[in-house]
Student: 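I'd like to ask you about the structure that follows.
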Amino acid sequence: MRFSPFRLSTIVLALVLGSGVLVSGRAAAQTQRVVPESKAQVQLSFAPIVRQTTGAVVNVYASRSDRRQNQSMEEFFRRFFGDDVPGVPRGRSQSSLGSGVIVDPSGLVITNNHVIENMNEVKVALADRREFEAEILLRDSRTDIAVLKLKGASNLQAVEIGDSEALQVGDIVLAIGNPFGVGQTVTQGIVSALARTQVGISDYQFFIQTDAAINPGNSGGALINMSGQLIGINTAIYSRSGGSIGIGFAIPSSMVRVVLNSAKGGARNVVRPWLGARLQPVDGDIATGLGLERPTGVLVTSVYDKGPAAEAGLKRGDVILQVDGQPVENPDSFGYRFTLKGTQGQTPLTVLRDGKQSTLQVKLMPPPETPPRAPVRGRARTPFAGATLVNISPAVADELQIQVADEGVVIAELEERSVAASVGFEKGDLIVAINGDRLASTKDAERLIDRAGGYWEITINRGGRVFTTVLGR
C-alpha cells in the first residue's frame, strides 16, 4: 500500500524526501551506558560527532525526462522556433529531492529507493558544494534502499556503518539530513522503540523508531549513534500535518549492510534466502490453543514439498519462535531476521511442536527458478497485448511477492497504457485458465490465446482471490 507524503488533514505515514549517507563497515563498539552525574556532563556537546559525520550526508537530486517518439523532428523544429512550437509537445519531466549518506570513500551512497524511484537521472551535492553525477547500482523497493556510485569521486568523507543490533530503547541518536539543498540539518533524540513492524512502508518492516525530528527532505539521511556510526537510514514519519511530531522511522543498519554488500558484489538485485513455507501471525486464539503464554512467533500454514523447510523437517502447524536465537514476533520480523542470514550455509530455527521446543537446521539458499521463466509476450489484437507472461517458480513468486502455485502462468511485466493494463490485468496476476482450459506453462498460454478467436474467458488468481472475466473484441 502506498502512502502520499505529507497529506494534510489526515493521519498518514509520510515518506520523508531525503538524504543519503556514506558508510564503511566496522561493527559498533559496545559502550557502557550511564546516567549524567553532574551539570558539566549534562552540558556536554554533540559537536564532535556532528563534525565527524555531516560531511558524509549529501543531497540527492533525481529527475526523469520522458521524450516523445518523434524526438528528432521535435529537435529540428526547436532549432529554428525554440521551445514554443505549435503542435509539438514538450518532453514530460518529473523530479524529486532527498538525502543520502556516503558509506565508502570511493563514492558509494545509500539513500531511499523512493527518493529515486522511476527516475533516470541522479545527481548528488556534497556538503562542500561539489556535485557529482550518480550511477544507480541497485534499487531495492522491498527494503526501500538504493545504492548509488558517484562518478569520478574518490577520497570522500564516509560514515562508518554501526551495529543496529546493539541499540537499546533510550539510546541517544542524531538524525542528519540534507534537504532541499539548504545544507545539513541535525536533530537529537532517543530511540523510542525497536523492531517496529506493520508500519506499511516496505516489505521488510523492522524499523527503529525515534523522536529525533525527521522533516520533509530528510529521507535517505543518517541516524547516528553516540560513537558517530550509522545505525539507520531515515525513511518515514508518522504525521497529521506533514511535519515531524516526534515519531520517525529508520531502516536498521543491519539491513542496509545486506543491500550494500549485494551492490558491492555486482548484483543488480538483492538475493534473499528462501524458506519454502507459508507463515501467518500467531493471534491470541492460536496462542491459547498452543499453550503459549502470549501471542508470539509465526505459524507454519503449509510447506513447499522440495524446499529447505521440508528438508529440515518443518511441518504444518509448527510455530517458529526464533531465528538463530533471535525472537520473532510476526512474519515481518521473521522475514527480516531470516534475510540477514544470507544465502549460504544454514541457520537454526527454534520451533514449537506439540508443546515442546526443538531446533531445526535450515539450509540457506536463494529461491530456485524451476521451471524456467520461458517468457511470452502478449500479441496484438488480444487482451494480453503489453503483458509478459512467465512460468511461476519460487524465484518468480519471491520477486513478485506472490504465493507459489502448482499451475498457471503469471504476469511478470505490464506496460503502462497497454491493452492488457486497460482491461484490468495487474502485475502478479496468476492466469489459471483460458476458455476453460487449465494452464501448465507459457507454451499452453501462447497456444490458447492464439486459438481463442476473439473470445477469451480468463480465470485469474489475484492474491488468493479467484475470479473469471470474459473479454472479446
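We're numbering straight along the sequence, starting at 1.
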Student: From E369 CD over to E399 CD, what is the distance, rounded to the nearest 0.5 angstrom?
Tutor: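 Separation between the atoms: 8.0 Å.
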Student: Rounded to the nearest 0.5 Å, what separation is found between the CG atom of D398 and the CG atom of L275?
Tutor: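 The distance works out to 11.0 Å.
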Student: Of V258, T343, T143, which meets side chain to side chain contact (heavy atoms under 4.5 Å, CB included) against R272?
Tutor: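 So the option named by the test is T143.
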Student: Give a yes or no on whether a salt bridge exists between K341 and D324, defined as a side-chain N under 4.0 angstrom from a carboxylate O.
Tutor: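 A salt bridge links K341 with D324.
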Student: Look at the side chain of N330 and the backbone N and O of P281, then say whether any donor-acceptor pair between them is shorter than 3.5 Å.
Tutor: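 Checked: no pair found.
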Student: Check E446, E413, E415 against R377 for a side chain to side chain donor-acceptor pair (under 3.5 Å) and give me the one that passes.
Tutor: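 By the side chain to side chain donor-acceptor pair (under 3.5 Å) criterion, R377 pairs with just one of E446, E413, E415: E415.
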Student: Does R337 come within less than 4.0 Å of E329, counting only side-chain N to carboxylate O?
Tutor: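 Here R337 does not pair with E329 in a salt bridge, since their nearest N and O are not under 4.0 Å apart.
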Student: Hey, are N391 and S441 close enough side-chain-wise for a donor-acceptor pair under 3.5 Å?
Tutor: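 There is no such pair between these side chains.
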Student: Could you pull out the closest heavy-atom pair between K264 and D104, with the gap in Å?
Tutor: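 Closest pair (atom of K264, atom of D104, distance): NZ-OD2, 4.0 Å.
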Student: Is it the case that atom CG in D450 sees more than 12 heavy atoms from other parts of the structure closer than 6.0 Å?
Tutor: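 Check passes, neighbour count above 12.
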Student: Could you check whether any side-chain N or O of S227 sits under 3.5 Å from a backbone N or O of Q229, counting only pairs where one atom can act as donor and the other as acceptor?
Tutor: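 No, S227 side chain to Q229 backbone: no donor-acceptor pair under 3.5 Å.
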Student: Take R379 and I449 through the test side chain to side chain contact (heavy atoms under 4.5 Å, CB included) and record every step on the way to the result.
Tutor: CA-CA 9 Å; R379 295 182 182 178; I449 291 170; 6.0 Å; no
Student: Under a 3.5 Å distance rule, please check whether T210 uses its side chain to pair with a backbone N or O of V191 as donor and acceptor.
Tutor: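 Pair absent, no side-chain N/O of T210 close to backbone of V191.
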Student: Could you tell me whether the side chain of I402 reaches within less than 4.5 Å of the side chain of V410, counting heavy atoms only?
Tutor: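 They are in contact (side-chain heavy atoms under 4.5 Å apart), so the answer is yes.
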Student: Go through the steps for T468 and T459 under the test side chain to side chain donor-acceptor pair (under 3.5 Å), then give the verdict.
Tutor: CA-CA 4 Å; T468 298; T459 302; 3.2 Å; yes
Student: Mark yes or no for whether R268, through its side chain, and L137, through its backbone, hold a donor-acceptor pair below 3.5 Å.
Tutor: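 Judged by distance alone, yes, a pair lies under 3.5 Å.
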Student: Please give me the minimum heavy-atom distance between V328 and I320, naming the atom from each residue.
Tutor: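 That would be CG2-O, 3.5 Å.
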Student: Do the side chain of R373 and the main chain of S393 share a donor and acceptor less than 3.5 angstrom apart?
Tutor: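 Here the side-chain-to-backbone pair does not exist.
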Student: Side chain of T442, backbone of A374: donor and acceptor closer than 3.5 Å?
Tutor: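 Answer holds: yes.
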Student: Does this structure show an ion pair linking D354 with K315, if we count only N-O contacts that are shorter than 4.0 Å?
Tutor: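 Judged by the 4.0 Å cut-off on N to carboxylate O distance, D354 and K315 do not form a salt bridge.
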Student: Give, for atom CD1 of I214 and atom CD1 of I247, the distance between the pair rounded to the nearest 0.5 Å.
Tutor: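 Result: 11.0 Å between the selected atoms.
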Student: My understanding is that only one of I434, L389, L430 makes a side chain to side chain contact (heavy atoms under 4.5 Å, CB included) with L439; could you say which?
Tutor: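 Per the side chain to side chain contact (heavy atoms under 4.5 Å, CB included) rule, the option paired with L439 is I434, out of I434, L389, L430.
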Student: Can you find a pair of side-chain heavy atoms, one from L321 and one from Q357, that are under 4.5 Å apart?
Tutor: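 Answer yes - side chains close enough.
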Student: Please report the interatomic distance CG(L223) to CD1(I233), rounded to the nearest 0.5 Å.
Tutor: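 With rounding to 0.5 Å, CG (L223) is 9.0 Å from CD1 (I233).
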Student: Please report the shortest heavy-atom distance between D283 and I286, naming the atom on each side.
Tutor: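 For D283 versus I286, the nearest heavy atoms are OD1-N, 2.8 Å.
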Student: Do R462 and E426 meet the salt-bridge criterion of a basic N to acidic O distance under 4.0 Å?
Tutor: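 Counted as a salt bridge, because a side-chain N and a carboxylate O are separated by less than 4.0 Å.
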Student: Going by the angle between their ring planes, with limits at 30° and 60°, are W274 and Y304 parallel, tilted or perpendicular?
Tutor: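 Perpendicular.
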Student: Once you round to the nearest 0.5 Å, how far does CD of Q403 lie from OG1 of T301?
Tutor: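 Rounded to the nearest 0.5 Å, the CD-OG1 separation comes out at 7.5 Å.
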Student: Got a donor-acceptor contact below 3.5 angstrom from the S164 side chain to the S254 backbone?
Tutor: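 Side chain of S164 to backbone of S254, a donor-acceptor pair under 3.5 Å: yes, one is there.
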Student: Are R353 and S358 close enough that some pair of their side-chain heavy atoms sits under 4.5 Å apart?
Tutor: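 Counting from C-beta outward, R353 and S358 never come under 4.5 Å.
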Student: Does any N or O in the side chain of N435 come within less than 3.5 Å of the main-chain N or O of Y455, such that one atom is a donor and the other an acceptor?
Tutor: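 Side chain of N435 to backbone of Y455, a donor-acceptor pair under 3.5 Å: yes, one is there.
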Student: Side chains of T296 and V282: does their closest heavy-atom pair fall under 4.5 Å?
Tutor: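 A side-chain contact is absent here, since even the closest heavy-atom pair is not under 4.5 Å.
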Student: Taking the side chain as everything from C-beta on, heavy atoms only, tell me whether L279 gets closer than 4.5 Å to V300.
Tutor: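 They are in side-chain contact.
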Student: What's the separation between atom CD in Q346 and atom CG in L360, rounded to the nearest 0.5 Å?
Tutor: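 Here the interatomic distance stands at 11.0 Å.
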Student: Between E165 and L340, is there a side-chain heavy-atom distance shorter than 4.5 Å?
Tutor: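 Result yes, sub-4.5 Å side-chain heavy-atom pair found.
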Student: Under the criterion side chain to side chain donor-acceptor pair (under 3.5 Å), I'd like the reasoning laid out for N112 against T235: C-alpha separation, chi angles, the key distance, then a yes or no.
Tutor: CA-CA 7 Å; N112 282 139; T235 297; 3.3 Å; yes
Student: State, to 0.1 Å, how close G228 and V159 come at their nearest heavy-atom pair, and which atoms those are.
Tutor: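 Where G228 meets V159 most closely, the heavy atoms are O-CG1, 4.0 Å.
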Student: Determine, step by step, whether L174 and T187 satisfy the side chain to side chain contact (heavy atoms under 4.5 Å, CB included) criterion, reporting the C-alpha distance in whole Å, the side-chain angles of both residues, the deciding distance to 0.1 Å, and the verdict.
Tutor: CA-CA 6 Å; L174 302 180; T187 56; over 6 Å; no
Student: Side chain to side chain contact (heavy atoms under 4.5 Å, CB included) for D285 and T288? Distances and angles first, verdict last.
Tutor: CA-CA 5 Å; D285 292 336; T288 300; 5.5 Å; no
Student: Any heavy-atom pair between the side chains of F207 and I251 that's under 4.5 Å?
Tutor: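 Yes, at least one pair of side-chain atoms sits under 4.5 Å.
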Student: What are the two closest non-hydrogen atoms of L260 and L108, and how far apart are they?
Tutor: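 Shortest heavy-atom separation between L260 and L108 comes out as CD1-CD1, 4.2 Å.
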Student: Are any side-chain N or O atoms of D144 and backbone N or O atoms of N113, one a donor and one an acceptor, separated by less than 3.5 Å?
Tutor: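 Side chain of D144 to backbone of N113: a pair is present.
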Student: Carefully, step by step, assess L349 and F334 under the rule side chain to side chain contact (heavy atoms under 4.5 Å, CB included).
Tutor: CA-CA 10 Å; L349 302 183; F334 175 85; 4.3 Å; yes
Student: Quick one: does any side-chain atom of D171 pair with a main-chain N or O of L167 as donor and acceptor, under 3.5 Å?
Tutor: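 Judged by distance alone, no pair lies under 3.5 Å.
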Student: Quick one: does L230's side chain get under 4.5 Å of I110's, heavy atoms only?
Tutor: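 Sidechains of I110 and L230: no contact.
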Student: For A222 and V57, which heavy atoms make the closest approach, and how far apart are they?
Tutor: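 Shortest heavy-atom contact: CB-CG2, 4.2 Å.
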Student: Does this structure show an ion pair linking D437 with R447, if we count only N-O contacts that are shorter than 4.0 Å?
Tutor: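 Answer for the salt bridge query: no.
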